[in-house]
Amino acid sequence: MITLSHLEKKYGDTYAVKDLSLSFPDAAITALLGPSGCGKTTTLRMINRLIEPSGGQVLLDGQDAARLKPEALRRGIGYVIQQIGLFPHLSVAQNVATVPDLLGRDRAQTRRRVDELLALVGLEPSVYRDKRPAELSGGQAQRVGVARALAADPPVLLMDEPFGALDPIARDEVQERFLNIQRELKKTVVIVSHDIDEALRMGDYVALMQSGQLAQFGTPDDLVRRP
Ligand code: ADP
Ligand code: ADP
């Protein structure tokens, strides 16, 4: 479980994130929702320590993330962003296989998993596995990014606007595929979004942020229920 305890990030004398305390339930998707500039990305990047908090703590299964080795953090937490940054000189399959290869996993098994994951994100393996990133559309590249994060098989997946570059139809499809994958893999997932429809659709839970603080936390039903 990921727990944020009085987490803060200050730039100059302005708080990007202020006194944020929140737990992300295990094996569920939590949508971190809020308007642009409210501190979502900063929060996400403090979880995997790409940004050093100014105060407070991130606890991973009760352990202070500040004390974990960077390698342990990277192994345990997958990170998907809109500009996924595929390696341009590697094929799609090689990009997806990057982490398993680095970890020295069985090659034949990785090969099968790569094909499985490409199919899951809606890219026919026989067509796409040997393509280079330059030959892909933005949306296809994003799907490869999702497959690559899943191939690493981390227990936690942080996703920053992962479906942002997709057109509405592709977006529906990839969201649906991701939900199906999640039903099988049951990762602890945090999805940053400024889109309330996406948050309500994807989130088992929704954490609503406003001006660097938590405004509300609950299930989609809790969130839309009117008193
Ligand atoms: P969101 O992801 O919700 O759009 P961010 O977490 O990116 O919001 O940013 C939160 C606030 O912190 C914004 O006001 C932004 O301008 C500010 N901010 C983010 N990064 C920096 C930085 N490196 N230096 C100064 N201010 C920053
Ligand atoms: P090597 O030649 O050193 O085995 P490759 O470039 O063939 O390296 O493969 C690198 C990674 O990409 C491996 O993990 C492999 O499983 C994966 N890979 C390569 N080609 C394919 C393919 N056609 N289908 C699925 N996975 C592939």
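Positions are given from 1, in the same order as the sequence printed here. Atoms within each ligand, like the ligands themselves, are counted from 1 in listed order.
K18 is linked by a salt bridge (charged side-chain N to carboxylate O under 4.0 Å, His left out) to nothing, counting only residues two or more places apart in sequence or in another chain.
The salt bridge (Lys or Arg N to Asp or Glu O under 4.0 Å) pairs that include a residue from residues 194-216 are R171-D195, R171-E198, D172-R201, E176-R201, where partners are two or more places apart or lie in different chains. Annotation: salt bridge (Lys or Arg N to Asp or Glu O under 4.0 Å) contacts involving residues 57-71, sequence neighbours excluded, are absent.
Listed by chain and number, Y11, A16, P35, S36, G37, C38, G39, K40, T41, T42 each place a non-hydrogen atom less than 4.0 angstrom from ligand 1.
A donor-acceptor pair shorter than 3.5 Å cannot be found between the side chains of H89 and Q94.
The backbone N or O of L60 lies less than 3.5 Å from no partner atom in the side chain of Q63, so there is not a single donor-acceptor pair.
Under the 6.0 Å distance and 45° angle rule, R143 does not count as a cation-pi partner of F178.
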